[in-house]
Structure formats: structure tokens, C-alpha cells
Amino acid sequence: MGLIKKFKDYFLEEDYEEYEDEYVEEEEPAPQPSGKGAAKQNVVSLQSVQKSSKVVLIEPRAYAEAQEIADHLKNRRAVVVNLQRIQHDQAKRIVDFLSGTVYAIGGDIQQVGTRIFLCTPDNVDVTGSISAVSEDETSMKRW
């Protein structure tokens with residue numbers, strides 16, 4: 001039996017060495033600690049995997065509520081802002097503030113009615129347009 005075992009070991013070892021270069025197993029790289037110097041990995045953010053999107057409707061009564069609207073935009077929610085019940089000067093300030101916020105996050109702001117604005121973050125695409133009625137055209141020109 002010793003002779004047969006030597007033959008098996010000899011031939012099996014040769015076959016293995018012949019194909020060894022083709023089947024070299026690659027070692028997986030060690031996980032990098034997270035931080036400033038960490039290499040970028042192929043990881044999908046949980047924020048990008050959303051089951052449903054939200055649209056928030058807000059009718060601010062004061063300029064101080066503009067920050068709440070901006071927070072919704074930063075959390076990647078579309079916001080419809082109705083400025084019909086607020087003074088004109090404060091409404092303009094809110095629109096200016098939201099324009100800056102939307103620009104900073106790469107989103108968009110559109111007027112969809114008389115003193116009604118749709119603010120969207122970068123993950124929301126808006127297609128189409130709403131035409132103004134002849135009566136509303138004069139009031140919309142103030143914006």
C-alpha cells in the first residue's frame with residue numbers, strides 16, 4: 001500500500017501544481033475604518049432606497065417658518081408652499097430664502113399658482129407646466 005500511496009501523492013500533487021496558477025484564490029481586502037481617509041466603498045445609502053416619497057404642504061404665517069420648509073427640503077421631501085395668507089413683503093423674503101436653499105441642495109423651485117410654489121430637492125424631477133389664467137397673470141407678474 002505504501003507504493004500506491006506514493007504514486008497517488010506524486011500524481012495528485014503534479015496535477016495540482018499544473019493548475020495551481022489558474023485557481024489562485026484572491027484574498028478579500030480588509031474592511032477600511034470609516035473616517036476622512038477611508039476608501040470609498042460600493043455601499044448604497046439607506047436614504048437613496050426609499051419606499052415612498054413625501055410631499056409636504058405648508059402655509060406659513062410668518063417668515064420664521066421658512067427654516068422648517070428648508071429642513072423638509074434637506075430631508076429630500078418636496079414642499080408645496082402656499083403664500084396667500086402672508087404679507088407680500090414677508091412672502092418675498094420666504095421665496096428668496098427658499099431659492100437659496102434649493103440652489104444649495106441642487107433642487108428646483110417653480111411657481112405653480114398665484115403665490116403658490118413647488119420646491120423640490122435633487123431627487124425629484126418635475127415635468128410639465130401650469131399655464132396661468134388671464135386674471136392671475138397680472139398678480140403673478142409681481143413675483
Side-chain angles (χ1 to χ4, degrees), residues 4-143:
I4 295 174
K5 185 176 189 283
K6 285 184 182 182
F7 279 118
K8 281 185 180 179
D9 288 343
Y10 177 77
F11 287 111
L12 289 177
E13 193 173 299
E14 275 187 24
D15 290 339
Y16 179 73
E17 288 175 2
E18 182 179 332
Y19 297 107
E20 184 176 27
D21 292 336
E22 293 179 14
Y23 297 104
V24 174
E25 292 182 16
E26 296 181 21
E27 293 183 23
E28 293 184 25
Q32 298 287 329
S34 60
K36 292 181 181 178
K40 195 170 189 179
Q41 297 177 354
N42 292 333
V43 178
V44 177
S45 170
L46 289 178
Q47 288 181 343
S48 67
V49 182
Q50 296 179 351
K51 292 183 180 178
S52 64
S53 297
K54 287 188 176 183
V55 176
V56 181
L57 306 174
I58 296 182
E59 189 173 31
R61 304 282 180 163
Y63 175 76
E65 295 179 45
Q67 185 174 356
E68 177 187 347
I69 300 167
D71 290 339
H72 286 295
L73 290 167
K74 286 184 354 185
N75 289 326
R76 302 176 66 85
R77 293 185 198 115
V79 182
V80 176
V81 184
N82 182 358
L83 299 171
Q84 293 178 347
R85 296 185 183 239
I86 194 168
Q87 292 178 358
H88 183 71
D89 61 328
Q90 288 188 356
K92 286 186 83 162
R93 288 180 62 203
I94 289 174
V95 170
D96 289 343
F97 180 82
L98 293 178
S99 296
T101 302
V102 166
Y103 176 78
I105 63 170
D108 191 26
I109 184 168
Q110 296 179 5
Q111 186 170 3
V112 294
T114 305
R115 298 179 75 171
I116 299 174
F117 294 86
L118 173 62
C119 303
T120 55
D122 62 344
N123 65 325
V124 177
D125 291 327
V126 179
T127 57
S129 63
I130 298 176
S131 60
V133 180
S134 61
E135 294 175 326
D136 293 337
E137 285 182 15
T138 55
S139 64
M140 291 179 81
K141 287 181 182 177
R142 293 192 314 186
W143 289 97

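Sorted by first then second residue, the side chain to side chain donor-acceptor pair (under 3.5 Å) pairs that include residues 63-74, not counting sequence neighbours, are His72-Arg77. Note on residues 119-128: pairs passing salt bridge (Lys or Arg N to Asp or Glu O under 4.0 Å), not counting sequence neighbours, are Arg76-Asp122.
For Gln110 (side chain) and Val112 (main-chain N/O), no donor-acceptor pair under 3.5 Å exists by modelled atom type.
Side-chain atoms of Val80 and Val55, non-hydrogen and from C-beta on, do get closer than 4.5 Å to each other. Side chains of Leu83 and Val95 form a contact here, defined as non-hydrogen atoms less than 4.5 Å apart. In this structure, the side chains of Thr114 and Gln84 come closer than 4.5 Å at one or more pairs of heavy atoms.
Shown here for Pro60 and Ile69, the closest heavy-atom pair between the two residues is CG-CD1, 4.4 Å. The two residues Ile109 and Val102 have their closest heavy-atom pair at N-CG1, 3.8 Å. Across all non-hydrogen atoms, the minimal contact from Ala62 to Ile94 is O-CD1, 4.0 Å.
Looking at residues two or more places apart in sequence or on another chain, you find no salt bridge (charged side-chain N to carboxylate O under 4.0 Å, His left out) involving Asp96. For the side-chain contact (heavy atoms from CB on, under 4.5 Å) test, residues two or more places apart in sequence or in another chain that qualify with Thr101 are Ala70, Leu73, Phe97. For Arg85, the salt bridge (charged side-chain N to carboxylate O under 4.0 Å, His left out) test picks out Glu59, with sequence neighbours left out.
The line from CZ of Arg93 to CD of Gln87 is 11.0 Å long, rounded to the nearest 0.5 Å. Distance check: Ile58 CD1 to Asn82 CG gives 11.0 Å after rounding to the nearest 0.5 Å.
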